[in-house]
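Order of the sequence lines sets the chain letters (A, B, ...), proteins ahead of strands, with each chain counted from 1. None of the values given here were measured: they were computed from a predicted structure. Computed over heavy atoms, backbone and side chain alike; hydrogens, waters and symmetry mates excluded.
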Amino acid sequence: MVKGCRHGDNEARKELYMQYGGLMLGLISRYISDKEEAKDVLHDGFIRAYSAFIKFDWRGEGSLRAWLSRLFVNMALNYLTSSENKLQFENIDDEYDLVDDTTIPHENDVMNIPEDVLIGFIQQLPAGYKTVFNLYAIDGFSHKEIAKLLNIKERTSSSQFFKAKQLLVRKINAYLTEK
Amino acid sequence: MNKRSTEEEWLKQLRCKVQNHEEKLPINGWQKLSQSLSLSSQHVFWKRVSRIVAAAVIAALLLWPFAGDHLFKKSIETSRQNDLAKTPCLEKTLSTSLNLTSSRVTAVVEKKIRYRSIRVKRAVANEIVAAHDTTCVEKVQNNEESFSTSVTNKKQITENQNNSVQKLVIPDFSLSDKELMKSYNVELIFAMGGNGICSNISENGSNLVRTESETNLSDDGFSRNQAETPFIGQTQVEMRHRLPLKMGLLVSKRITKALSIETGLTGTYLLSVPRDESLGNNYDQRIYYIGVPLKVSYHFYHQKRVSAYWSNGVESEKCVSAKRGDTKLHLNKLQWSVNSALGMQVSISSHIGLFAEPGVSYYWGNGTKIETFRTEHPLSIELHFGLKLNL
């Protein structure tokens, strides 16, 4: 399939789309709440992926998924950092704001929460918190890398993540309490 | 268990659940994608063609000073021979009846070709007559018959001279080589972009198809120029790009007999408007460039008032203003282009001429996702025309 995509074979490209399209759309949805916008970004992302396939090196199981994930994260960030959709990062310098007053949920509790509910909680976060949280906690970027990507300070990145975590924990706890 | 490890565990669990989350693909998603791909493959083909043409233009620009002089020398020889052939009557008359050596005749005729001003030509004609007269006097002293023949021939030559002198009265406004090398040309140019030879936009005129250059992605698939990438407009707003307009003031100087070099300042205006006129001026995109061109021209034809030349050049332009409606756009990268044109100039007087230069230009990307006429038609036909002043 990789060879076929490199040579522009339509069947190989279709196979790639069908195999990874759902996963990539799920990834984009974590960053972009609007479904139509997410679909547009998916479309553009695959066009870019096919044209850049010549640069992809197969390095074993998972390398293709990792490469596609980084590409689609980049597409989502390009969308979010465009001037019409400018990401807002709250200025969290006040010590009071950073006090951790939440009860951390147990991992087993989190395991019992349905996937789409967790995705919903993440999507409900403010755009700045959501982006940093996704990049750090889910997609594995360091605060230094996030600061470079989003053109913010490293401290801003870590404080945004902290606030995102707080909000998420509150939502999870509220959900568990309701259940 | 401490708080930190508990925190990490729940985050790990969250990550595992969310990382593999899949959404349902849109209906007809693949159909739309394959349509876009077939269009973009056409664009890639034309992009390759335009790159090959651009490379050929650059190669011509680099190799031509060496080829140009060689061709110019040949053309001088050819024109010299043609001129000699054009004066058979005079040559024959001189060589046969006056017993002038052929080398002397050739020298005289070449003198005639070299000096193009009316005054000098007359002087040469007088010289020929004087040479003839001297020979005639000698013949009269030796032989009466040859004297009478010479007199007849003298009349013939005089008639020929008169004819040729009359012909020489037509002004051609051309300068001598010395004057040419010393002079400067100042040009006021106007230019319009023409039909694009290759297009990067689908027939639907949609901005949804983005044919990003592969070099925009680093090895791991990440773009490193996010900070420089401005927003390019709502995907649902389709833009129509008007023909670019350019004006400039250029100065050119001859560096050899056939070659001249030219530079100056140009200003270009790029306008894009929404296809949907009901949107008004809110999405009108106006971009202004200031440019510095550098051109080398090879002058291969000159006849009295008309001359022709072939020019190749590069231009570097800097964006000085870019707006879409009230929103400022950022075009920080220099806009580079190469061009090749065939020019023709008609002299109105010795100092003023009109010129036209139809040619081909290739524009490299502007380093952003902003779409303009130039990103849509990187390889296009342009027409430059204007006024040339010789100082």
Side-chain angles (χ1 to χ4, degrees), chain A residues 8 10 13-14 17-18 21-23 25-30 35 38-40 42-44 46-52 54-57 67-68 70-71 73-74 77-78 81-85 104-111 113 115-116 118-119 122 137-139 149-151 165 168-169 172, chain B residues 1 3-4 6-26 29-30 32-34 36-41 44 208-227 229-236 324 327-330 369:
Chain A
N10 241 25
R13 282 173 168 180
K14 185 176 179 181
Y17 179 77
M18 292 302 178
L23 207 58
L25 187 58
L27 182 154
I28 295 167
S29 302
R30 282 192 279 113
K35 283 192 173 172
K39 286 173 187 173
D40 285 342
L42 178 78
H43 177 103
D44 291 349
F46 267 103
I47 290 174
R48 180 179 278 206
Y50 294 138
S51 66
I54 204 154
K55 290 191 175 189
F56 170 69
D57 279 329
W67 183 77
L68 285 171
R70 292 204 77 164
L71 190 145
V73 165
N74 185 42
L77 290 178
N78 275 346
T81 54
S82 61
S83 62
E84 289 265 336
N85 305 297
I104 292 165
H106 198 267
E107 57 178 298
N108 292 333
D109 293 333
V110 174
M111 207 160 58
I113 300 174
E115 207 176 272
D116 50 350
L118 287 170
I119 294 284
I122 294 173
I138 315 295
D139 294 313
L149 284 171
L150 300 178
N151 212 21
K165 215 171 41 166
L168 256 180
V169 163
I172 289 170
Chain B
M1 193 186 294
K3 195 179 179 186
R4 194 176 173 82
T6 314
E7 187 177 285
E8 287 178 8
E9 288 303 319
W10 81 267
L11 274 175
K12 266 187 194 171
Q13 199 54 244
L14 179 76
R15 186 185 306 128
C16 284
K17 290 205 88 161
V18 157
Q19 248 182 352
N20 296 319
H21 171 72
E22 287 192 33
E23 293 266 341
K24 208 176 167 189
L25 285 170
W30 170 249
K32 286 180 187 170
L33 190 60
S34 63
S36 302
L37 287 168
S38 64
L39 284 165
S40 70
S41 64
V44 166
L208 288 173
V209 177
R210 308 222 178 100
T211 53
E212 283 288 329
S213 148
E214 288 171 12
T215 55
N216 277 347
L217 283 179
S218 62
D219 285 340
D220 57 3
F222 265 85
S223 167
R224 296 292 178 206
N225 65 350
Q226 285 183 48
T229 305
F231 182 60
I232 60 168
Q234 300 287 346
T235 51
Q236 62 267 28
R324 183 182 294 112
T327 311
K328 258 189 180 178
L329 304 173
H330 299 285
K369 290 182 182 177

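With a threshold of 4.5 angstrom between heavy atoms, R30(A) approaches chain B through side-chain atoms but not through N, CA, C or O. Looking at K14(A), both its backbone and its side chain come within 4.5 Å of chain B, counting heavy atoms on both sides.
Residue D40(A) holds its CG atom at 8.5 Å from NZ of K32(B), rounded to the nearest 0.5 Å. Note that CE of M111(A) is 13.0 Å distant from CG of L14(B), once rounded to the nearest 0.5 Å. The distance from atom OG of S34(B) to atom OH of Y50(A), rounded to the nearest 0.5 Å, is 9.5 Å. Here the CD1-NE2 distance, from I138(A) to H21(B), works out to 11.5 Å after rounding to the nearest 0.5 Å.
The side chain to side chain donor-acceptor pair (under 3.5 Å) search around Q19(B) returns none, not counting sequence neighbours. Shown here are the side chain to side chain contact (heavy atoms under 4.5 Å, CB included) partners of D116(A), two or more places apart in sequence or in another chain: P114(A).
Looking at heavy atoms from C-beta onward, L25(A) lies out of side-chain contact with K24(B) at the 4.5 angstrom threshold. Side-chain contact between I28(A) and E23(B) is absent, with no heavy atoms from C-beta onward closer than 4.5 Å. With contacts defined as side-chain heavy-atom distances shorter than 4.5 Å, the pair L25(B)/Y17(A) qualifies.
Scanning both residues, N10(A) and W30(B), for their nearest heavy atoms gives O-CZ2, 3.7 Å. Nearest heavy atom pair, residue S36(B) against residue H43(A), reads OG-NE2, 3.1 Å.
With K17(B) contributing its side chain and I113(A) its backbone, the two residues share a donor-acceptor pair below 3.5 Å.
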